[in-house]
Student: 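First the structure, then my questions, so here it is.
Bear in mind the structure is a predicted one, so any value in this text is a computation, not a measurement.
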Amino acid sequence: MSPILLELVPDRSATFTATVIIAGAGIVFLMLVLLIIIFYLFGKVVSSAEAKTKKGKTNKVTKSEQKLPAPAPVKKASAPAPKVEAGISGEVVAAIAAAVAVSEGEGAVVKSIRRVNVVNVKGRNPWANAAVHDNTRPF
């Protein structure tokens, strides 16, 4: 008995190629539409759940809470002006103080502002130095 050998010949016709391309693009498009629908429905479910939670919290006010007088506003003590190195303009000081207040909160205090000389290692960008430092630190 001799083994039967089947010869497989790929179909390289233009109609078959066009059919495969159209079917592939159609499947990708349909999956994209399906994902859009899923995320849309998920957004609706989450937003309705948040609305129910928010509505439930606002309706639960006890009578004792309604009778309490509003607390008097607390006047914050002003922080002393930061020590600023000569040559730094007032606009830069205001921008730094505003950035600190936004990132750290209203209670943050800027004590001093001074220039720092940054030494580049092998002419690297400071961001590249920060990345090297972050990626090579011990665990």
Side-chain angles (χ1 to χ4, degrees):
M1 253 191 186
S2 66
I4 301 174
L5 296 176
L6 296 175
E7 187 175 327
L8 298 174
V9 180
D11 187 2
R12 295 185 180 179
S13 65
T15 57
F16 181 72
T17 304
T19 304
V20 169
I21 291 173
I22 291 171
I27 290 170
V28 168
F29 180 73
L30 287 175
M31 289 298 112
L32 180 62
V33 169
L34 180 65
L35 283 172
I36 289 171
I37 292 170
I38 288 171
F39 280 108
Y40 176 77
L41 293 174
F42 181 73
K44 288 291 187 184
V45 168
V46 169
S47 63
S48 68
E50 286 178 351
K52 286 180 184 178
T53 303
K54 190 179 284 187
K55 183 179 179 183
K57 286 183 180 178
T58 56
N59 289 340
K60 295 181 181 180
V61 177
T62 61
K63 291 181 181 179
S64 62
E65 290 175 348
Q66 290 175 351
K67 293 179 183 178
L68 292 176
V74 178
K75 184 176 181 182
K76 293 183 181 179
S78 62
K83 296 177 185 174
V84 180
E85 186 177 285
I88 300 176
S89 68
E91 291 88 11
V92 173
V93 173
I96 291 172
V100 169
V102 168
S103 65
E104 299 297 324
E106 294 275 334
V109 176
V110 178
K111 293 183 178 179
S112 68
I113 298 175
R114 61 184 174 86
R115 293 182 192 270
V116 177
N117 292 331
V118 178
V119 179
N120 270 344
V121 178
K122 299 179 185 175
R124 282 192 187 130
N125 179 334
W127 290 103
N129 285 338
V132 168
H133 176 71
D134 188 49
N135 292 329
T136 57
R137 69 174 183 222
F139 294 101

Student: Which pair of heavy atoms, one from S48 and one from V45, lies closest together, and at what distance?
Tutor: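 Nearest heavy atoms, S48 then V45: OG-O, 2.9 Å.
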Student: Check the hydrophobic clustering (I, L, V, M, F, W, Y; side-chain heavy atoms under 4.5 Å; chains of links allowed) and say if L34 and F42 are grouped together.
Tutor: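 L34 does not cluster with F42.
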Student: Looking at residues at least two apart in the chain, or sitting in another chain, which of them share a salt bridge (charged side-chain N to carboxylate O under 4.0 Å, His left out) with R115?
Tutor: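 So R115 forms no salt bridge (charged side-chain N to carboxylate O under 4.0 Å, His left out) with any residue.
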Student: Please determine whether residues V92 and V100 belong to a single hydrophobic cluster, defined as Ile, Leu, Val, Met, Phe, Trp and Tyr linked transitively by side-chain heavy-atom distances below 4.5 Å.
Tutor: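 As far as the 4.5 Å side-chain criterion goes, V100 and V92 are connected within one cluster.
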Student: For E91, which residues count as a side chain to side chain donor-acceptor pair (under 3.5 Å) partner, sequence neighbours excluded?
Tutor: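 E91: side chain to side chain donor-acceptor pair (under 3.5 Å) contacts with S89.
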Student: Could you measure the distance from the CD1 atom of I96 to the CD1 atom of I113? Nearest 0.5 Å is fine.
Tutor: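 Going from the CD1 atom of I96 to the CD1 atom of I113 covers 4.5 Å.
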Student: Going hydrophobic residue to hydrophobic residue with side-chain gaps under 4.5 angstrom, can you get from V109 over to V102?
Tutor: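 Different clusters.
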Student: Are F29 and I38 joined in one hydrophobic group, where the rule is that I, L, V, M, F, W and Y side chains link up if heavy atoms are under 4.5 Å apart?
Tutor: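 They do not share one cluster, since no chain of ILVMFWY contacts under 4.5 Å joins F29 to I38.
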Student: Output the distance between atom OG1 (T17) and atom CD1 (I22), rounded to the nearest 0.5 Å.
Tutor: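 Separation between the atoms: 11.0 Å.
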Student: Test question: given the 4.5 Å side-chain rule for I, L, V, M, F, W and Y, name all other residues clustered with I36, or answer none.
Tutor: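 Members other than I36 - counting any ILVMFWY side chain reachable under 4.5 Å - are L32.
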